[in-house]
Q: 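Dropping the structure in here first, questions after.
FYI, side chains are in, hydrogens and waters are out, and symmetry mates aren't considered; it's all heavy atoms of this structure. All residue numbers in this chain count up from 1 along the given sequence.
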Amino acid sequence: GPPAPAGREVHVRGSAELSARPDRARVSLRLGSRKEAAGAARSSVSRRLEYIAHSARQRGVPEENMTVTEDFRREENTYQMEAEVCITFNDFGKMQTVCNLLIEKLGTSVTISPPHFFHTPEAIDTLRRQVCVAAVGNTQRKAQEVCRSFGQSLGKPLLIKEEETKEWGGHIDSYLSHSPDSLTLQERIQSATAYASCRVFAVFEIKGKEKRRN
């Protein structure tokens, strides 16, 4: 149709803020053995490693989400074997089940770090998109209310500009952070939550009188 006469526009700013809980958790399990015979030290550790891997696999943790590092050395007249297993979980309930089971079955022969929660880059991208879409929606609703208060109806957008996007909080790395062990699981998830805000500027056409519905 013909362009709206000049000045028949509404200019508005709107914003939104959203948060995203971490979508991954990484747990580190350490175990060791010190024996006089090299073979005995190795087999003591490898039996437990096998049990850990088996328990995680049985509960659906894929092989590529587990990494094992081993350190074997001789100290005076004994052999020291140490290993660390890092497991990344995308299901926090499953993580608790696996950790509880291993503590129950392996007792003090394994040390389990408190989980480190973090975001995959995909999760952060999704948060960025969602907050921008939410800000656009809020801006449009604001424009509609402005028009309605003058008995006008809102036309099509002539300009939508993302003015400012901010992000804070969250961890994007999978490396274990040094948060105090005393935090509860919920506190850890909360402290790893990511936030984003977005501000949008938009110009809409004003269509004229609101149609009265009979």
Q: Has R48 got a side-chain atom pairing as donor or acceptor with G32's backbone, closer than 3.5 angstrom?
A: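 Yes.
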Q: Do N90 and D23 come within less than 4.5 Å of each other through their side chains, counting heavy atoms only?
A: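 Not touching, per the 4.5 Å side-chain cut-off.
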Q: What distance separates K142 NZ from C147 SG, expressed to the nearest 0.5 Å?
A: 13.0 Å
Q: Show your reasoning for whether side-chain contact (heavy atoms from CB on, under 4.5 Å) applies to S44 and M81.
A: CA-CA 9 Å; S44 162; M81 174 79 178; over 6 Å; no
Q: Is it true that V136 and V146 fall in one hydrophobic cluster, defined by side-chain heavy atoms closer than 4.5 Å?
A: no
Q: Side-chain contact test, heavy atoms from C-beta onward, threshold under 4.5 Å: evaluate it for T165 versus C132 and give yes or no.
A: no
Q: Take a 6.0 Å sphere around CZ of R57 and say whether it holds more than 12 heavy atoms from other residues, nucleotides or ligands.
A: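 Yes, CZ of R57 has more than 12 neighbouring heavy atoms, counting only those of other groups under 6.0 Å.
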Q: Partners of R34 by salt bridge (Lys or Arg N to Asp or Glu O under 4.0 Å), sequence neighbours excluded?
A: E75
Q: When rounded to the nearest 0.5 angstrom, what distance separates CD in E50 from OG in S55?
A: 9.5 Å
Q: Any side-chain heavy atom of S109 within less than 4.5 Å of one from L31?
A: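 S109 does not reach L31 side chain to side chain.
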Q: R21 and Q190: side-chain donor and acceptor closer than 3.5 Å?
A: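 Their side chains do not contain a donor-acceptor pair, so the 3.5 Å distance test is not met.
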Q: Would L158 and E9 satisfy side-chain contact (heavy atoms from CB on, under 4.5 Å), going step by step from the backbone distance to the final call?
A: CA-CA 9 Å; L158 304 174; E9 295 174 353; 3.6 Å; yes
Q: Only one of L29, N100, I52, L106 clears side chain to side chain contact (heavy atoms under 4.5 Å, CB included) with I112; which?
A: L29
Q: Same cluster for L154 and F150 if Ile/Leu/Val/Met/Phe/Trp/Tyr side chains link at under 4.5 Å?
A: yes
Q: With sequence neighbours left out, what residues match Y195 under ring-ring contact (aromatic ring centres under 6.0 Å, His included)?
A: W168
Q: List the steps, then state whether side-chain contact (heavy atoms from CB on, under 4.5 Å) holds for R59 with T97.
A: CA-CA 9 Å; R59 280 153 194 83; T97 305; 4.1 Å; yes
Q: Ion pair present between E205 and R8, side-chain N to carboxylate O less than 4.0 angstrom?
A: no
Q: May I have the step-by-step check of side-chain contact (heavy atoms from CB on, under 4.5 Å) for V85 and T67, ending in yes or no?
A: CA-CA 6 Å; V85 186; T67 56; over 6 Å; no
Q: Is the side chain of R74 donor-acceptor paired with the backbone N or O of E76 at a distance under 3.5 Å, no angle test?
A: yes
Q: Give, for atom CD of Q96 and atom CG of D91, the distance between the pair rounded to the nearest 0.5 Å.
A: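 That separation rounds to 10.0 Å.
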Q: For residues E84 and D71, determine if any side-chain heavy atom of one lies less than 4.5 Å from a side-chain heavy atom of the other.
A: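 With C-beta onward as the side chain, the pair stays apart.
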Q: What class does the angle between the rings of F201 and H11 fall in, given that below 30° is parallel, 30 to 60° is tilted and above 60° is perpendicular?
A: perpendicular
Q: Considering all heavy atoms of both residues, which atom of C198 and which atom of E162 are nearest to each other, and what is their separation?
A: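 Looking at all heavy atoms of both residues, the shortest contact is SG-CG, 3.7 Å.
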Q: Identify whether NZ of Lys or CZ of Arg in R42 sits under 6.0 Å from the centre of the six-membered ring of F72 and within 45° of that ring's axis.
A: yes
Q: Please check if the side chain of N138 supplies one atom and the backbone of G14 the other of a donor-acceptor pair under 3.5 Å.
A: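 Judged by distance alone, no pair lies under 3.5 Å.
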Q: Got a sec: does the CD of E36 have more than 12 other heavy atoms crowding it under 6.0 Å?
A: no
Q: Roughly how far, to the nearest 0.5 Å, is CZ of R148 from CD of E145?
A: 7.0 Å
Q: Just jot down the salt bridge (Lys or Arg N to Asp or Glu O under 4.0 Å) partners of E82, sequence neighbours excluded, or say none.
A: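 Salt bridge (Lys or Arg N to Asp or Glu O under 4.0 Å) check on E82 returns R73.
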Q: Between I103 and M66, is there a shared hydrophobic cluster once you connect ILVMFWY residues whose side-chain heavy atoms come closer than 4.5 Å?
A: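 As far as the 4.5 Å side-chain criterion goes, M66 and I103 are connected within one cluster.
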Q: So, for A83 and E70, which heavy atoms are closest and what is the spacing to 0.1 Å?
A: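 Closest approach of A83 to E70: CB-CG, 4.1 Å.
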Q: Answer yes or no: is there a side-chain heavy-atom contact under 4.5 Å between K166 and E164?
A: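 Answer yes - side chains close enough.
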Q: Given 3.5 Å as the limit, does a donor-acceptor pair link the side chain of T193 with the main chain of I189, or not?
A: yes
Q: To the nearest 0.5 angstrom, please state how far the CD atom of E163 sits from the OG atom of S15.
A: 10.0 Å
Q: Given side chains that start at C-beta, do those of F204 and Q140 come closer than 4.5 Å, heavy atoms only?
A: yes
Q: What pairs with K161 under salt bridge (Lys or Arg N to Asp or Glu O under 4.0 Å), at least two apart in sequence or on another chain?
A: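 Counting only residues at least two positions away or on another chain, K161 forms no salt bridge (Lys or Arg N to Asp or Glu O under 4.0 Å).
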Q: Which heavy atom of M95 sits nearest to which heavy atom of A25, and what is that distance?
A: SD-CB, 3.6 Å
Q: With ring pair (Phe, Tyr, Trp, His ring centres under 6.0 Å) as the rule and sequence neighbours excluded, what pairs involving residues 21-50 come up?
A: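 Checked against ring pair (Phe, Tyr, Trp, His ring centres under 6.0 Å) - neighbours excluded - no pair reaches residues 21-50.
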Q: Just so I know, are the side chains of V61 and I87 near enough to count as touching, which here means a heavy-atom distance under 4.5 Å?
A: yes
Q: Checking the side chain of T139 only, and the main-chain atoms of A135 only, is there a donor and an acceptor separated by less than 3.5 Å?
A: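 Yes, the answer is positive, given that a donor and an acceptor are paired below the 3.5 Å cut-off.
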Q: Could you go through the ring pair (Phe, Tyr, Trp, His ring centres under 6.0 Å) check for H171 and H119 one step at a time?
A: CA-CA 6 Å; H171 304 297; H119 292 83; 8.2 Å; no
Q: What about V131 and V200, same hydrophobic cluster or not, with Ile/Leu/Val/Met/Phe/Trp/Tyr joined at side-chain heavy-atom distances under 4.5 Å?
A: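 No, separate clusters.
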Q: Which heavy atom in R30 sits nearest to a heavy atom in S28, and how many Å separate them?
A: NE-OG, 4.0 Å
Q: With ring pair (Phe, Tyr, Trp, His ring centres under 6.0 Å) as the rule and sequence neighbours excluded, what pairs involving residues 91-110 come up?
A: F92-F117
Q: Taking the side chain as C-beta and beyond, is there a heavy-atom pair between V203 and P157 under 4.5 Å?
A: no
